Student: 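Below is one structure. I have some questions about it.
Only a predicted model underlies this, so the values are computations on that prediction, with no experimental measurement involved. Every chain is numbered from 1, with letters handed out A, B, ... down the list of sequences.
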Protein chains: 2
Amino acid sequence: MTTEANHPVRTTEKSLHLIEKLRELDGARIHVLEDELEMTKGAIHNHLSTLRTHGYVIKEGNEYRLSLKVLTLGGYVRSNYSIYQFGRPKANKLAADTGMLVNLATEEHGQSVYLYQARGEYAVNLDTQVGHRLRLHNIAIGKAILAYLPDERVEAIVDEWGLPTETENTITDRETLFEELESVREQGFATDLEERTEGLCCIAAPIQPGDDILGAISISAPTSRLGDRAFDDDLVGQVKSTANEIALDIKYM
Amino acid sequence: MTTEANHPVRTTEKSLHLIEKLRELDGARIHVLEDELEMTKGAIHNHLSTLRTHGYVIKEGNEYRLSLKVLTLGGYVRSNYSIYQFGRPKANKLAADTGMLVNLATEEHGQSVYLYQARGEYAVNLDTQVGHRLRLHNIAIGKAILAYLPDERVEAIVDEWGLPTETENTITDRETLFEELESVREQGFATDLEERTEGLCCIAAPIQPGDDILGAISISAPTSRLGDRAFDDDLVGQVKSTANEIALDIKYM
DNA sequence: CATAACCGTTTTCAATTCGAAAACAGCGAT
DNA sequence: ATCGCTGTTTTCGAATTGAAAACGGTTATG
């Protein structure tokens, strides 16, 4: 899967590098960018002015930074995902019913991308936010997605992103991963037992209205809370049926 | 306030036009873009391939569309706003306490940009979403912001965006607007009584940790519900004190 | 089933445009 | 008042873009 343009537009690439760098540095002055990128200050100035004219960049004093235009754009893109449109109200309900943190995510470029979060009364505060991208192998949402992708796709994703260790519970070899995915398919849901974050567990179910997997929904909670309540409240059942409802809404929309 | 680059990078502008168009059309094929933009298909192909290499565009069959990379970027930009960082937990609490829809917004380019929404138990479903941009003159959040901007800034914003009618309650002349803003300053909060949307009312308070106004927080509810509960629950007081808490958190962070 | 129409991709090369370098201007510090 | 630092502007040679045409793959049509 090579995505090299065979006739790349170099000028556009320079602008994109500039955008990346502004993000990385949370804004910067021109002479700083001059050191970071291989461009002269005259060129940087031209690019930044152009991006500014079009509303992508804001200048405060001599500091340039990305504007909220990207947030606006991102909102538009997100609103086209049926899993977001139909999943949002269901995620709200699941959060209200369980009191937990509910996540809605899809797959892009072999990563999970968080589309929405709903917070119940006792929702944990996590490092994950809308737009964040995580690897798929060590989170419940990720494994719920991987389980319903073709094997060769999973192989390619593991090739690209690896199986890096995050906690002592992280799955780090392919064989174990494929066994796990098989058991996800048998059970219809995936779990994350402190595989990415110490003390945090998740339960996820796939959202699959047709042949293709569109994403997954999960609940996250501290290990103690999930352990206590998982069976009493049939949390697994709630997550699975929410995922099913979303899938049905999408299928017959 | 002219933001014309005096040496614009035309190639970058072409890519940006392409991005805008993809957003507008929610994705498109090359020959459609050829009709919409003044570019040949060869050029469009080069630009799209370049944007794709860098992850901004996705190709599905022969259809090109914007990827979630912009959502990711937008998330990073948003997380740099202190009003978001500190306002998010407070907005969650206000939503839980009042059961309503809570909005957090800032100003950019003379518009309001929604940074966050928190949903209480009885929150209305609205057309506003994170990232959306609205005019300032006919929403509570907007007037709460305008009231604490310098007069000449307000004038400039009205010059740029006008005071278009949305409902019969919309303020449409400058004099009334400035009177309203004066009363917002006296009272320390702003209201929207069906000025943008029939049947919807809002209460907003400014977030101003220092000399500059950073944004505002509001609650939205159907006219009937707000009317019933506004006085009983001292909703105005709750919104104002939440705004104050956020401002203090930011000031002494 | 053959053929045509259509459309995305590639190639070539002339015209455009970009940006390196240098000069300028504005601000802050000394 | 002067110097130094940086952002902006200008100029013009060099790099790159993209118009046009050819190609090739896919879908529609007779």
Side-chain angles (χ1 to χ4, degrees), chain A residues 1-67 109 211-212, chain B residues 1-67 109 211-212:
Chain A
M1 170 192 157
T2 174
T3 357
E4 287 298 301
N6 81 326
H7 213 320
V9 185
R10 300 207 195 287
T11 310
T12 293
E13 293 194 311
K14 283 172 196 160
S15 282
L16 297 180
H17 288 146
L18 215 34
I19 287 172
E20 277 299 331
K21 196 49 88 173
L22 284 182
R23 196 228 59 183
E24 209 179 301
L25 303 174
D26 299 333
R29 300 182 54 160
I30 285 189
H31 75 276
V32 174
L33 295 167
E34 202 185 353
D35 296 341
E36 296 273 333
L37 304 160
E38 299 196 345
M39 296 171 71
T40 59
K41 51 184 182 165
I44 293 171
H45 180 262
N46 290 339
H47 280 261
L48 288 178
S49 303
T50 306
L51 291 170
R52 192 155 94 94
T53 311
H54 293 264
Y56 290 85
V57 159
I58 281 184
K59 186 183 176 191
E60 280 166 342
N62 279 327
E63 183 102 358
Y64 290 85
R65 61 176 182 80
L66 294 179
S67 80
H109 294 318
D211 291 337
D212 292 334
Chain B
M1 172 191 158
T2 176
T3 356
E4 287 298 301
N6 79 328
H7 212 320
V9 184
R10 301 207 195 287
T11 309
T12 294
E13 292 193 313
K14 283 172 194 159
S15 282
L16 297 181
H17 288 147
L18 215 35
I19 288 172
E20 278 299 330
K21 195 50 87 176
L22 285 181
R23 196 226 60 182
E24 210 179 300
L25 303 174
D26 298 334
R29 301 182 53 159
I30 284 189
H31 75 275
V32 174
L33 295 168
E34 202 184 354
D35 297 340
E36 296 272 334
L37 303 162
E38 299 196 345
M39 295 170 69
T40 59
K41 50 183 182 166
I44 293 172
H45 181 261
N46 290 339
H47 280 260
L48 288 177
S49 304
T50 305
L51 291 170
R52 192 155 94 93
T53 312
H54 292 265
Y56 290 85
V57 159
I58 281 184
K59 187 184 178 189
E60 279 166 343
N62 279 329
E63 182 102 0
Y64 290 87
R65 61 176 182 79
L66 293 180
S67 79
H109 295 316
D211 292 337
D212 293 334

Student: Hey, could you give me the CG/CD1 distance between B:Leu48 and B:Ile19, rounded to the nearest 0.5 Å?
Tutor: 9.5 Å
Student: Just jot down the side chain to side chain donor-acceptor pair (under 3.5 Å) partners of B:Ser15, sequence neighbours excluded, or say none.
Tutor: A:Thr12, B:His47
Student: Partners of A:Glu36 by salt bridge (charged side-chain N to carboxylate O under 4.0 Å, His left out), sequence neighbours excluded?
Tutor: A:Lys21
Student: Going by salt bridge (charged side-chain N to carboxylate O under 4.0 Å, His left out), name the residues that satisfy it together with A:Arg29, two or more places apart in sequence or in a different chain.
Tutor: none
Student: Who pairs with B:His7 by side chain to side chain donor-acceptor pair (under 3.5 Å), at least two apart in sequence or on another chain?
Tutor: none
Student: What pairs with B:Glu20 under salt bridge (charged side-chain N to carboxylate O under 4.0 Å, His left out), at least two apart in sequence or on another chain?
Tutor: A:Lys69
Student: What string of B, S and - do you get for nucleotides 7-25 of chain D, 5' to 3', when a contact is any protein heavy atom under 4.0 Å?
Tutor: BBBB-----SBBB------
Student: Pull out every protein N or O sitting under 3.5 Å from an N or O of nucleotides 26-30 of chain C, one pair per line with the distance.
Tutor:
none

Student: Axis-to-axis angle across the helix from C:dC1-D:dG30 to C:dT30-D:dA1, five pairs an end, to 10 degrees?
Tutor: 40°
Student: Rounded to whole Å, how long is the line connecting atom CG of A:Leu37 with atom C1' of C:dA20?
Tutor: 16 Å
Student: How many whole angstroms separate atom CG of A:Leu33 from atom P of C:dG19?
Tutor: 15 Å
Student: If a pair satisfies ring-ring contact (aromatic ring centres under 6.0 Å, His included) and one of its residues is in residues 17-40 of chain A, list it, with sequence neighbours excluded.
Tutor: A:His17-B:His54
Student: Which residues pass the side chain to side chain donor-acceptor pair (under 3.5 Å) test with A:Glu34, sequence neighbours left out?
Tutor: none
Student: For B:Arg10, which residues count as a side chain to side chain donor-acceptor pair (under 3.5 Å) partner, sequence neighbours excluded?
Tutor: none
Student: What is the distance, rounded to the nearest whole Å, between atom CD of B:Glu13 and atom P of C:dT16?
Tutor: 17 Å
Student: With A:Glu38, which residues qualify under salt bridge (charged side-chain N to carboxylate O under 4.0 Å, His left out), at least two apart?
Tutor: none
